[in-house]
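This report concerns only the one structure given below.
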Amino acid sequence: MALNGLLDIELSVPNPSETFDFWIRRGMTRTSSDVLGTADRPVQITVKEGPYRHLSKLHMSCETEADLATLSARLADVGVAASVSGTTLSCVDPVFGHAIVIDVGAPHPLVPPQRRSFNGPGERIRTTERADAVVGQTPPAPRRVGHVVLATPMFKQSADFYVNTLGFRVSDRMFKGALTFMRVESDHHNLLIQPGPTSYLNHYAVEVDDIDAVGQSGTAVLAENPSANVVGVGRHNLGSNVFWYLTDPAGNMFEFFSDMDQIVDDAEWDRVHRRDDWEGADGPAGFSVWGPKDPPEAFLNPPDVKQIAAAREALGLR
Ligand SMILES: [Fe+2]
């Protein structure tokens with residue numbers, strides 16, 4: 001039984017056209033009136049209207065039709081109703097309330113970025129020409145949605161659901177399992193569940209070509225809206241990715257990232273690298289190896305989190 005891909009996400013926000021247009025300006029493509037794509041993947045972010053900002057759908061893939069039957073049985077075991085229609089399974093996340101849709105298939109492969117020439121000591125590769133980032137002032141377009149981070153007071157219950165019911169593979173855990181980094185692809189994480197004051201979307205992450213693209217993309221967002229900055233640029237410890245966190249017009253935090261750890265040998269990762277308690281004897285894995293050492297308050301406690309909690313309560317969601 002194996003999930004094998006994060007295909008796309010759906011965001012619900014009070015003013016969808018603002019967020020839709022924001023990503024068009026970042027270089028995403030308009031696949032339909034509410035669906036944003038990238039060059040390789042025509043469906044990456046669907047933006048719907050909703051009473052408060054939240055993740056409303058997580059769309060994933062699995063290897064075989066037999067996986068759908070296995071998943072249905074596991075979901076039934078934990079009291080989550082699932083329906084299977086053809087090669088599609090649908091259910092509702094028991095903590096957050098978003099739709100989970102799983103199709104038999106796999107993410108469409110990405111065309112590798114154009115190789116950039118970086119000089120180094122004793123390594124003169126880019127000669128008698130300026131750097132690509134200097135010549136190409138327009139940020140390269142985003143390539144895909146790579147992961148989402150969800151926060152909730154019920155973080156243990158939620159992580160248990162994704163790991164033990166849906167079969168996500170754990171890459172690392174921090175603070176006695178309070179934070180669970182997990183994957184369905186080779187990325188160090190396609191999903192992170194962490195504690196939060198209510199159940200909300202902490203951020204979604206968009207992969208760009210490289211560190212220059214992270215810098216150029218973030219700079220372009222700030223040129224439009226200087227108050228969109230949250231934290232960056234830096235390189236995370238867990239996942240090793242270069243990051244820059246900003247906010248979209250709906251107030252969702254998102255991350256431009258590049259160069260994440262790719263785990264292609266699960267057994268080797270588990271044997272050599274995986275840690276299930278990063279606050280152990282070797283010390284905690286901090287927020288970054290370079291760049292800002294600690295995230296700001298808004299990173300873990302966004303200014304609208306009380307509004308989100310109230311909106312969820314009004315809808316009968318925990
Ligand atoms: Fe992230």
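For the single chain, residues carry numbers from 1 onward in sequence order. The basis for the numbers below is simple: all heavy atoms, side chains too, and nothing from hydrogens, waters or symmetry mates.
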**OP:** Step through the shown structure and confirm whether more than 12 heavy atoms of other residues, nucleotides or ligands are within 6.0 Å of CZ on R25.
**Re:** yes

Original post:
Hey, any chance I100 and V78 share a hydrophobic cluster, counting ILVMFWY side chains that come within less than 4.5 Å of each other, even indirectly?
Top reply: yes

Subject >> Pair D265 + R271: basic N to acidic O under 4.0 Å >> reply: no

Subject >> Common cluster, V145/F96, ILVMFWY with side-chain heavy-atom separation under 4.5 Å >> reply: yes

Subject >> Parallel, tilted or perpendicular: rings of F256 and F254 (30°, 60°) >> reply: perpendicular

Original post:
Between R53 (side chain) and V13 (backbone), is there a donor-acceptor pair under 3.5 Å?
Top reply: no

Original post:
What is the distance from atom OG1 of T87 to atom CG of L89, rounded to the nearest 0.5 Å?
Top reply: 10.5 Å

Subject >> Lys/Arg cation over aromatic F22: R26, 6.0 Å, 45° cone >> reply: yes

Subject >> Point-to-point distance, once rounded to the nearest 0.5 Å, from CD1 of I193 to CZ of F181 >> reply: 11.5 Å

Original post:
With under 30° as parallel and over 60° as perpendicular, where do the rings of H203 and F299 fit, or are they tilted in between?
Top reply: tilted

Original post:
Can you list every salt bridge (Lys or Arg N to Asp or Glu O under 4.0 Å) pair that touches residues 171-182, not counting sequence neighbours?
Top reply: K176-E279

Subject >> Inter-residue atom distance I308.CD1 - R312.CZ, 0.5 Å rounding >> reply: 9.0 Å

Original post:
What salt bridge (Lys or Arg N to Asp or Glu O under 4.0 Å) pairs are there with at least one residue in residues 3-16, not counting sequence neighbours?
Top reply: none

